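Have a look at the structure below before the remarks.
This structure is a prediction, so every number in the text was calculated from the model and none was measured.
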Amino acid sequence: MSAPIPLTHFANAQSSFKPPLIANENAFLGDIATSEKNDPDKPISAGFYRLEKGTPLVYEYTYHEMKIIVDGEFDISDEAGNKVHAVKGDVFYFPKGSKITFTTESFGLGFFVGQRKEGGA
């Protein structure tokens, strides 16, 4: 019989985790959890993405990602011409290969889960 696999809990992650700066002067992203250790062939990683008013972030996905807006707002568009004013509670699927532009007039905070290794954004 194999040993039980424990869950991992990140208390108050939405308010206590501060993602590092990843682009421009206003785009922050950080992984807080990954399945890479338990499933190195098909890992998923999760964390927070924060954008503050300023330079738009244009990002081309090299993996599949789901994102829920947990605070603030984003204006999100793609190369197919779709444009969404995203607010708290909105959920998105960004397919591998999509090129997405994120902007905000204030700030936005999203929680994501991506089909990639930790730090692979």
Side-chain angles (χ1 to χ4, degrees):
M1 183 173 207
S2 62
I5 299 172
L7 63 83
T8 305
H9 175 226
F10 301 91
N12 288 323
Q14 181 178 337
S15 59
S16 64
F17 180 71
K18 304 297 180 206
L21 183 69
I22 59 151
N24 307 321
E25 76 291 352
N26 62 329
F28 304 83
L29 182 137
D31 295 338
I32 61 170
T34 184
S35 68
E36 193 170 351
K37 179 181 171 187
N38 294 331
D39 191 353
D41 294 330
K42 297 179 184 174
I44 58 172
S45 296
F48 289 96
Y49 166 61
R50 180 178 178 93
L51 186 68
E52 304 200 350
K53 185 176 182 175
T55 306
L57 179 71
V58 179
Y59 189 78
E60 186 166 352
Y61 282 87
T62 58
Y63 52 91
H64 299 285
E65 182 181 277
M66 303 290 260
K67 187 184 306 289
I68 183 169
I69 310 309
V70 295
D71 201 4
E73 62 185 356
F74 292 96
D75 290 306
I76 300 174
S77 60
D78 65 17
E79 290 185 311
N82 297 301
K83 295 180 182 183
V84 177
H85 180 74
V87 295
K88 184 177 180 176
D90 288 353
V91 175
F92 292 85
Y93 166 52
F94 302 116
K96 181 178 181 177
S98 60
K99 193 171 189 179
I100 307 296
T101 300
F102 297 89
T103 62
T104 183
E105 287 300 313
S106 55
F107 80 97
L109 180 66
F111 178 79
F112 64 83
V113 177
Q115 187 181 30
R116 61 168 175 77
K117 292 182 177 187
E118 183 175 20

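Grouped by direct or indirect side-chain proximity (heavy atoms under 4.5 Å, Ile/Leu/Val/Met/Phe/Trp/Tyr only), Leu7 sits alone. Other members of the hydrophobic cluster containing Met66, listed by chain and number, are Tyr93; membership follows side-chain contacts under 4.5 Å among ILVMFWY residues, whether direct or relayed.
Judged as a side-chain hydrogen bond (donor to acceptor under 3.5 Å, both in side chains), and not counting sequence neighbours, the contacts of Thr55 are Glu25. Residues that satisfy the side-chain hydrogen bond (donor to acceptor under 3.5 Å, both in side chains) test with Ser45, not counting sequence neighbours, are Thr34. Scored by the side-chain hydrogen bond (donor to acceptor under 3.5 Å, both in side chains) test, Thr104 finds no partners at all (sequence neighbours excluded). For Ile76, the side-chain contact (heavy atoms from CB on, under 4.5 Å) criterion is met by Phe74, Ala86, Phe92, Phe94, Ile100, Phe102, not counting sequence neighbours.
Using a distance-only test at 3.5 Å, with no hydrogens or angles considered, a donor-acceptor pair links the side chain of Ser35 to the main chain of Ile44.
Heavy-atom minimum distance, Gly30 versus Pro20: CA-CD, 3.9 Å. Across all their heavy atoms, Ile32 and Ala13 have their closest contact at CD1-CB, 4.1 Å.
Contacts classified as salt bridge (Lys or Arg N to Asp or Glu O under 4.0 Å) and involving residues 65-79 (residues at least two apart or in different chains) are given here: Glu65-Lys67. Among residues at least two apart or in separate chains, salt bridge (Lys or Arg N to Asp or Glu O under 4.0 Å) pairs with a member in residues 35-54 are Arg50-Glu52, Lys53-Glu105. The ring-ring contact (aromatic ring centres under 6.0 Å, His included) analysis of residues 10-41, with sequence neighbours excluded, yields no pairs.
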Can you give each donor-acceptor pair under 3.5 Å made by side-chain atoms of residues 107-121, sequence neighbours left out, with the distance rounded to 0.1 Å?
from   : atom 1 : to    : atom 2 : distance (Å)
Arg116 : NH1    : Asp31 : OD1    : 3.4
Arg116 : NH1    : Asp31 : OD2    : 3.0
Arg116 : NH2    : Asp31 : OD1    : 2.7

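Cluster annotation: Leu51 and Tyr61 are assigned to the same hydrophobic cluster (Ile/Leu/Val/Met/Phe/Trp/Tyr, side-chain heavy-atom contacts under 4.5 Å, transitive). Note: the hydrophobic cluster containing Tyr63 does not contain Val58 (ILVMFWY, side chain heavy atoms under 4.5 Å, direct or indirect links).
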Report task. List the steps and the verdict of side chain to side chain contact (heavy atoms under 4.5 Å, CB included) for Ile69 and Val87. Result -> CA-CA 6 Å; Ile69 310 309; Val87 295; 5.7 Å; no
